[in-house]
Each structure stands twice: as structure tokens, then as C-alpha cells.
**Q** 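One structure coming up, written as C-alpha cells, with questions to follow.
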Amino acid sequence: MITMNDVIREGHPTLRAVAKEVPIPLSDEDVALGKDMLQFLKNSQDPELAEKYKLRGGVGLAAPQLDVSKRIIALEIPNTETEGADPILSTVMYNPKIVSHSVQQACLDEGEGCLSVDRPVPGYVIRQARITVRYTDINGDTQKARFKNYTAIVVQHEIDHLNGIMFYDHINEKNPFFAPEDVLILG
Ligand SMILES: CNC(=O)c1cccc(C)c1Nc1nc(N2CCN(c3ccccc3Cl)CC2)nc(N2CSC[C@H]2C(=O)NC)n1
């Protein structure tokens, strides 16, 4: 199972590399890695397992964070509204590509955290509010999906990792909490 020991931290060069596309059809190895990444996220959100294995809670993970420079991301976004409800998004994306996005921008009111960053970096991370992503799913099928708000933010954070971009690269240095007036600030 993947634990925090497998997660590389800022300063490791792989976090700044551009990851390679994975061959389609997917290899057994890449399918297994995707499954392990998704399981890590589920484990990280389980209070008992997170405590037992000292896992930091996450809703997204990119293969480069495991020192695997491949274009693979996993997303496990729970439905925090209703206890026990199905997750909002639970998927592995191979070779994800943002094919279009809104002019409207958005950010999380509380800023962003990252499993590869062991320190708080306050500030608004301005992203696109809505995106359309094309990717290959774990069954090898091509998907095209639209995301908005929190889910769109998380997907962009993970795709950034495939291009060597860290969330704080987007924070306004002079005024970290600067947000142009029409940016959606998501609570
Ligand atoms: C500095 N302020 C903050 O971190 C921050 C502070 C407050 C609110 C938010 C909303 C913040 N921001 C933020 N909170 C999260 N989580 C909230 C806790 N949660 C979680 C934790 C434990 C169990 C189950 C779960 Cl569900 C896991 C997810 N995740 C991300 N990001 C940025 S996009 C990728 C995603 C990620 O997975 N990061 C590891 N940002």
C-alpha cells in the first residue's frame, strides 16, 4: 500500500519535471499504480486508517508525487453533505488534458494544501472555475468530462503536478490574498 513514505516532498526534482504520457493500451503496471493511488486517497480519508498509517488527508494525487514521472492522476472527492453518500468524483485519469475552460476564475477561500508540501502556504490559488478534461480511464476508454468549483480546482491542482507546477506558483507574491473582483472565492 502507498503511505506518506512514498510521497516525495518539495525540493525533489521530479516535482518540477514534465511527466511523460503513458502508452495506450494501458500496461498492467499503470493500471495497478492507478488503483493503488485511488486506494491511498480513500485510506487517507478514513479516520482509523489515516491514524494507523499516519496518512495526510488528500482528495487528489499525481504519480510524480510518488517519484513516478508519468501522466496519471487519481481523484477521490467525498460528498461531505450527506454521510455515507457516494463520492462526488472517484476516478483515475491517464493522460488528462484540459481541452477548454471558462473565462471565469475561482479559488478556495482557505487556500490549497499539498501532500508534497509540509508547510502552510497561505494565499489565493487562482484557477479556472470550469474545465473540460479529456482523458483515458482505468478501463482504457476515452472520457470527456466537465468539472466546476471545488472539483475543477482539485483536478487542475493534480494536472499541474504533471507539468512540474506547484500550487504556490499561482499565488500573487506581493499580495497573496489578491483576487480580481470577478473571481469566485469558494468557501
Ligand atoms: C492551506 N489551507 C488548506 O489546506 C485548507 C484549509 C481548510 C480547508 C481547505 C479546503 C483547505 N485547502 C485544501 N484542503 C484539502 N483537503 C481538505 C481536507 N481533506 C480531508 C482531510 C482529512 C480527511 C478527509 C479529507 Cl477529505 C483533504 C482535502 N485539499 C486541498 N487540496 C488543494 S487541491 C488538492 C487538494 C488536496 O488533496 N490536498 C492535499 N486543499
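Every number for a ligand or one of its atoms is a count from 1 in the order of the listing. Throughout, residue positions are numbered sequentially from 1 according to the sequence presented.
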**Q** Closer than 4.0 angstrom, basic N to acidic O: yes or no for Lys70 and Glu21?
**A**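 Result for this pair is no, no salt bridge flagged.
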**Q** Output yes when the distance from some N or O of ligand 1 to some N or O of Val59 is under 3.5 Å, and no in every other case.
**A**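 For ligand 1, there is an N or O atom that lies under 3.5 Å from one belonging to Val59.
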**Q** Would you please test Thr14 and Asp67 for side chain to side chain donor-acceptor pair (under 3.5 Å) and show each step?
**A** CA-CA 6 Å; Thr14 303; Asp67 198 15; 2.6 Å; yes
**Q** Enumerate the residue pairs fulfilling ring-ring contact (aromatic ring centres under 6.0 Å, His included) with a member in residues 111-138, sequence neighbours excluded, ordered by first and then second residue.
**A**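 For residues 111-138: Tyr124-Phe177.
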**Q** What atoms of ligand 1 come within less than 4.0 Å of a heavy atom belonging to His157?
**A**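 Once the distances to His157 are compared, the set is 32 (C), 33 (S), 34 (C).
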**Q** For ligand 1, which atoms sit closer than 4.0 Å to a heavy atom of Glu158?
**A**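 Counting from 1, the qualifying ligand atoms are 34 (C).
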**Q** Just need the protein heavy atom nearest to atom 22 (C) of ligand 1, so name the residue and atom and give the distance.
**A**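 Here the nearest protein heavy atom works out to Gly57 CA, 3.8 Å.
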**Q** Side chain of Ser27, backbone of Asp30: donor and acceptor closer than 3.5 Å?
**A**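 Yes; judged by distance alone, with no hydrogens or angles, the pair exists.
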**Q** Cut-off 3.5 Å, side chains only: do Tyr168 and Glu10 have a donor facing an acceptor?
**A**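 A donor-acceptor contact under 3.5 Å links the two side chains.
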**Q** Go through Gln65 and Ser116 one step at a time and tell me if the side chain to side chain donor-acceptor pair (under 3.5 Å) criterion holds.
**A** CA-CA 7 Å; Gln65 293 181 275; Ser116 296; 3.1 Å; yes
**Q** So is there a nitrogen or oxygen of Ser44 less than 3.5 Å from a nitrogen or oxygen in ligand 1?
**A**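 Looking only at distances, the answer is no, because the N/O contact criterion of under 3.5 Å is not met.
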**Q** Side chains of Gln156 and Asp160: is there a donor and an acceptor less than 3.5 Å apart?
**A**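 Note: Gln156 and Asp160 side chains miss the donor-acceptor criterion.
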**Q** How far is atom 25 (C) of ligand 1 from the closest protein heavy atom, and which atom is that?
**A**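 Ranked first by proximity to atom 25 (C) of ligand 1 is Gln45 CG, 4.0 Å.
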**Q** Would you kindly check if the NZ (Lys) or CZ (Arg) of Arg127 is within the cone defined by 45 degrees around the ring axis of Phe167 and under 6.0 Å from the six-membered ring centre?
**A**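 Geometry flag: not set, cation outside 6.0 Å or 45°.
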**Q** Polar-atom distance check: Gly111 versus ligand 1, any N or O pair below 3.5 Å?
**A**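 Between Gly111 and ligand 1 (N or O atoms, distance only) the closest approach is under 3.5 Å.
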**Q** Just to confirm, does any protein heavy atom lie below 4.0 Å from atom 6 (C) of ligand 1?
**A**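 At least one protein heavy atom is under 4.0 Å away.
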**Q** Is any heavy atom of the protein nearer than 4.0 Å to atom 14 (N) of ligand 1?
**A**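 So far as the 4.0 Å threshold goes, atom 14 (N) of ligand 1 is out of reach of every protein heavy atom.
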**Q** Nearest protein heavy atom to atom 10 (C) of ligand 1, by residue and atom, and its distance?
**A**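 That would be Leu108 CD1, 4.2 Å.
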**Q** Please state whether Tyr150 comes within less than 4.0 angstrom of ligand 1, counting heavy atoms only.
**A**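 Under 4.0 Å: yes for Tyr150.
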**Q** Gly60 heavy atoms, cut-off 4.0 Å: which ligand 1 atoms fall inside?
**A**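 What qualifies from ligand 1 is 37 (O).
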**Q** Does Asp46 come within less than 4.0 Å of Lys52, counting only side-chain N to carboxylate O?
**A**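 No, no charged N to carboxylate O under 4.0 Å.
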**Q** What part of Glu112, side chain, backbone, both or neither, has a heavy atom within less than 4.0 angstrom of ligand 1?
**A**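 Both backbone and side chain.
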**Q** Donor-acceptor pair, Arg71 side chain versus Tyr94 backbone, under 3.5 Å?
**A**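 It does not hold such a pair.
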**Q** So is Gln156 in contact with ligand 1, going by heavy-atom distances below 4.0 Å?
**A**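 For ligand 1, residue contact (heavy atoms, under 4.0 Å) with Gln156 is absent.
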**Q** If you measure every N or O of Gly113 against every N or O of ligand 1, does any of those distances drop under 3.5 Å?
**A**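 Min N/O separation from ligand 1 is below 3.5 Å for Gly113.
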**Q** If you have a sec, work out which protein heavy atom is nearest atom 2 (N) of ligand 1 and how many Å separate them, to one decimal?
**A**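 Checking every protein heavy atom, the shortest distance to atom 2 (N) of ligand 1 gives Glu110 O, 2.8 Å.
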